[in-house]
Amino acid sequence: MNLFFIESPLQALNAIEFVSCKDNKQGKDLFIILSDGTMSETNLAQIEFVLNFFGYDDKVIFNINGGVKSLFLHREQVRMLAKRYSKYNIEYCVIGEYRSLASRVLINKIKPKKVVTVDDGTATLRIERSKKPSVKIRLITTLCKFGLGFDITLKQGVHFFSVYDISNKLTKGDCLHTNRYSFLKSKLYDYPKSNKHFIIGSPLKEAGVVKEDIILTIKKIDKIVSLTKSKKSDLVYIAHRR
């Protein structure tokens, strides 16, 4: 069995892309959606739409998110879920949100053969495993370990399935596998051709990933126009859901 812990539609899409190219295609793929009252109904509906569209009907909605407060409030549910799936021979555990504490606790208790993380937009660019954790992170780790009995440390040997080159941010034993969206590209041939060019989302300054976003977006548009020899009227901008 393979377990997938996801919290957004994009995580679901990247997890499905991973499924299509992973070396072990045997076994059941179970998607566990981490969702509580802070997640909008629209977001949850979009996750389920993505999974259903590609035929992944085996899914469980778990009332929790990846934060410290939610982990504390739902600690018994986490223990129950970990106990349930630790009985199985788990090949892969795939995390959609690298920072999700609930996902980390479940992985350390279930003990899969391989741990994989997939992208959720530009959040992957904030991963930093080559440096020593901050004082705040070390404090949270200690409190979770001795206060709740939960290990939230992601050990060495994590497989990163990403479109970004973060090789200089990984630690010894980690692996980086490039996501080329081969599966989704193959699906595009089933749809009518279009002369439009779609720009989906933009890095957010508020998210702390980039220092500026308006100028970056304009530069991106100009580059696309230059490379494709198209008009700006041929571009369709789809805003990020936030």
Side-chain angles (χ1 to χ4, degrees), residues 2-8 10-19 21-24 31-32 34 64-72 78 81-82 85-86 90-181 201 203-211:
N2 306 303
L3 297 179
F4 298 79
F5 302 107
I6 56 174
E7 302 178 29
S8 78
L10 184 54
Q11 291 175 22
L13 207 57
N14 283 321
I16 290 170
E17 185 70 33
F18 169 76
V19 172
C21 67
K22 65 182 171 64
D23 51 5
N24 178 20
F31 285 82
I32 299 176
L34 302 181
I64 190 174
N65 65 35
V68 177
K69 181 179 179 181
S70 187
L71 182 63
F72 176 78
V78 173
L81 195 68
Y85 292 108
S86 59
I90 305 297
E91 183 71 22
Y92 288 94
C93 266
V94 179
I95 307 175
E97 171 54 79
Y98 173 81
R99 296 167 298 176
S100 171
L101 300 188
S103 296
R104 294 183 175 205
V105 170
L106 290 167
I107 281 172
N108 287 326
K109 286 187 175 294
I110 293 171
K111 300 187 184 334
K113 293 180 181 178
K114 294 181 181 178
V115 176
V116 180
T117 74
V118 297
D119 292 334
D120 185 18
T122 51
T124 302
L125 296 175
R126 291 198 286 270
I127 293 174
E128 188 58 83
R129 286 171 62 81
S130 60
K131 295 181 180 179
K132 188 176 180 180
S134 65
V135 175
K136 180 181 177 181
I137 297 298
R138 293 202 301 272
L139 178 60
I140 293 174
T141 301
T142 302
L143 290 174
C144 287
K145 185 173 183 179
F146 294 102
L148 300 175
F150 290 157
D151 184 1
I152 62 169
T153 304
L154 270 186
K155 309 294 192 298
Q156 293 181 352
V158 176
H159 295 248
F160 290 85
F161 185 67
S162 174
V163 297
Y164 306 108
D165 181 8
I166 56 170
S167 53
N168 63 328
K169 296 186 175 184
L170 304 184
T171 188
K172 182 180 179 180
D174 291 343
C175 300
L176 178 62
H177 306 276
T178 303
N179 179 4
R180 303 187 186 281
Y181 286 111
L204 292 179
K205 181 172 65 175
E206 291 83 359
V209 179
V210 295
K211 293 182 179 179

S.K.: Taking side chain as C-beta onward, heavy atoms only, is Ile6 less than 4.5 Å from Leu34?
M.R.: no
S.K.: With the side chain counted from C-beta on, respond yes when Asn2 and Val94 share a heavy-atom pair under 4.5 Å apart, and no when they do not.
M.R.: no
S.K.: Are the ring centres of Phe31 and Phe5 closer than 6.0 Å?
M.R.: no
S.K.: Tell me, do Cys144 and Thr141 make a side-chain contact under 4.5 Å, heavy atoms counted?
M.R.: no
S.K.: Suppose we screen for side-chain contact (heavy atoms from CB on, under 4.5 Å). Which residues come up paired with Lys155, at least two apart in sequence or across chains?
M.R.: Asn108, Asp151, Thr153
S.K.: Distance check, rounded to the nearest 0.5 Å: His177 atom NE2 versus Phe161 atom CZ?
M.R.: 9.0 Å
S.K.: Distance from Asn168 atom CG to Leu176 atom CG, nearest 0.5 Å?
M.R.: 10.0 Å
S.K.: Applying side-chain contact (heavy atoms from CB on, under 4.5 Å) between Phe4 and each of Val116, Val19, Ile32, report the one that passes.
M.R.: Val19
S.K.: Answer whether the closest heavy-atom distance between the side chains of Thr178 and Val163 falls below 4.5 Å.
M.R.: no
S.K.: So, using ring pair (Phe, Tyr, Trp, His ring centres under 6.0 Å) as the criterion, who are the partners of Phe150 when residues are at least two apart?
M.R.: none
S.K.: Taking side chain as C-beta onward, heavy atoms only, is Ile90 less than 4.5 Å from Lys111?
M.R.: no
S.K.: For the side chain of Asp174 and the backbone of Gly157, is there at least one donor-acceptor N/O pair under 3.5 Å apart?
M.R.: yes
S.K.: Going by side chain to side chain donor-acceptor pair (under 3.5 Å), name the residues that satisfy it together with Tyr85, two or more places apart in sequence or in a different chain.
M.R.: none
S.K.: Minimum heavy-atom separation for Asp120 to Ser8, with atom names?
M.R.: OD1-OG, 3.1 Å
S.K.: Per the side chain to side chain donor-acceptor pair (under 3.5 Å) rule, what does the pair list look like for residues 130-140, sequence neighbours excluded?
M.R.: Glu128-Ser130
S.K.: With sequence neighbours excluded, give me every salt bridge (Lys or Arg N to Asp or Glu O under 4.0 Å) pair touching residues 157-172.
M.R.: none
S.K.: Does the side chain of Val158 reach to within under 4.5 Å of the side chain of Leu170, using non-hydrogen atoms?
M.R.: no
S.K.: Only counting residues at least two apart or in another chain, list the ones meeting side-chain contact (heavy atoms from CB on, under 4.5 Å) with Ser86.
M.R.: none
S.K.: If the condition is side-chain contact (heavy atoms from CB on, under 4.5 Å), which residues does Tyr164 pass it with, not counting sequence neighbours?
M.R.: Asp119, Thr122, Thr124, Leu125, Ser162, Ile166
S.K.: Identify, with sequence neighbours excluded, every residue that meets side chain to side chain donor-acceptor pair (under 3.5 Å) alongside Ser103.
M.R.: Ser100
S.K.: Should the ring pair Phe160 and Tyr98 be called parallel, tilted or perpendicular, given that the plane angle runs from 0 to 90° and is split at 30 and 60?
M.R.: tilted
S.K.: For Glu17, give me all partners under salt bridge (charged side-chain N to carboxylate O under 4.0 Å, His left out), at least two apart in sequence or on another chain.
M.R.: none
S.K.: Using a 4.5 Å cut-off on heavy atoms from C-beta on, say whether the side chain of Ile64 contacts that of Val78.
M.R.: yes
S.K.: Go through the structure and list residues passing salt bridge (charged side-chain N to carboxylate O under 4.0 Å, His left out) with Lys113, not counting sequence neighbours.
M.R.: Glu91
S.K.: Test side chain to side chain contact (heavy atoms under 4.5 Å, CB included) on Ile95 and Val118; report intermediate values, then the result.
M.R.: CA-CA 6 Å; Ile95 307 175; Val118 297; over 6 Å; no
S.K.: How far does CG of Leu71 sit from CD1 of Ile140, to the nearest 0.5 angstrom?
M.R.: 10.5 Å
S.K.: For Arg99, which residues count as a side chain to side chain donor-acceptor pair (under 3.5 Å) partner, sequence neighbours excluded?
M.R.: Glu97
S.K.: Is the shortest heavy-atom distance from the side chain of Val68 to the side chain of Leu101 under 4.5 Å?
M.R.: yes
